[in-house]
Amino acid sequence: MNRDTMTKPIKLDKNLEDREQRAVFQHALDEMGVTLTSSSSFERAFARTKDAADQNGQVRGDRLQAIVDDVVSGMEMLQGVAESFG
């Protein structure tokens, strides 16, 4: 994850179709240098980001970073558990 720059806020405009909102979210992940390797982790992070949006669809950069960090750490923890049983 690229921590050299602050995470930019994003706007998930409610007038956009779902696929367009997903593209905005994916672009934000790309700018952050984050790859969510499973579709469930992407869906979890996307849903939490939509929930965090204000009335205008704006999500603060620090809030977006916290959501993504939480999902990534959850992925890493699950991967560690799976490896311990493997």
Side-chain angles (χ1 to χ4, degrees):
M1 198 172 305
N2 184 358
R3 297 267 186 193
D4 295 338
T5 58
M6 291 192 57
T7 303
K8 297 177 190 172
I10 64 171
K11 184 169 183 173
L12 297 175
D13 191 329
K14 297 182 189 314
N15 294 324
L16 294 176
E17 292 183 21
D18 187 64
R19 66 181 170 78
E20 294 170 314
Q21 288 181 344
R22 290 171 186 278
V24 168
F25 181 66
Q26 181 61 57
H27 180 73
L29 292 176
D30 293 345
E31 285 189 340
M32 294 167 67
V34 173
T35 302
L36 298 177
T37 54
S38 73
S39 61
S40 63
S41 60
F42 179 89
E43 292 302 323
R44 189 173 317 115
F46 179 64
R48 289 182 58 191
T49 301
K50 282 180 72 169
D51 289 345
D54 65 16
Q55 292 176 337
N56 297 319
Q58 189 85 18
V59 181
R60 292 186 336 259
D62 62 332
R63 183 69 182 123
L64 176 61
Q65 185 71 57
I67 290 167
V68 172
D69 286 350
D70 188 47
V71 170
V72 168
S73 14
M75 285 174 25
E76 291 169 348
M77 184 178 62
L78 287 175
Q79 183 179 5
V81 169
E83 288 172 359
S84 71
F85 286 106

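Since this is a predicted model, take the numbers as computed values, not measurements.
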Review point. With sequence neighbours left out, what residues match E17 under side-chain contact (heavy atoms from CB on, under 4.5 Å)?
Key: R19, E20

Practice item. For F25, enumerate each residue passing the ring-ring contact (aromatic ring centres under 6.0 Å, His included) test, keeping only those at least two apart in sequence or located in another chain. Key: F42, F46

**Study point:** Least distance between heavy atoms, M32 atom then Q65 atom
**Key:** CE-OE1, 3.5 Å

Check your understanding: Nearest 0.5 Å, what's the CG-OG1 distance between L29 and T49?
Key -> 7.5 Å

Exercise for review: Return the minimal non-hydrogen interatomic distance between Q21 and L12, and the atom names on each side.
Suggested key: O-CD2, 3.5 Å

Check your understanding: Where do T37 and M75 come nearest, in terms of heavy atoms and distance?
Key -> OG1-CE, 3.7 Å

**Study point:** Point-to-point distance, once rounded to the nearest 0.5 Å, from NZ of K8 to NE2 of H27
**Key:** 6.5 Å

Check your understanding: Would you call D18-K50 a salt bridge at under 4.0 Å N-O?
Key -> yes

Point to revise | Gap between atom CZ of R60 and atom CG of D54 - 0.5 Å precision | key: 9.5 Å

Exercise for review: Of all the heavy-atom pairs spanning I67 and A52, show the shortest one and how long it is.
Suggested key: CD1-CB, 3.9 Å

Practice item. Give the minimum heavy-atom separation between A45 and L36, together with the two atoms involved. Key: CB-CD1, 3.8 Å

Study note, to complete from the structure: d(I10 CD1, R63 CZ) to nearest 0.5 Å is 12.0 Å

Point to revise | Donor-acceptor pair, side chain of N56 and main chain of Q58, under 3.5 angstrom | key: no

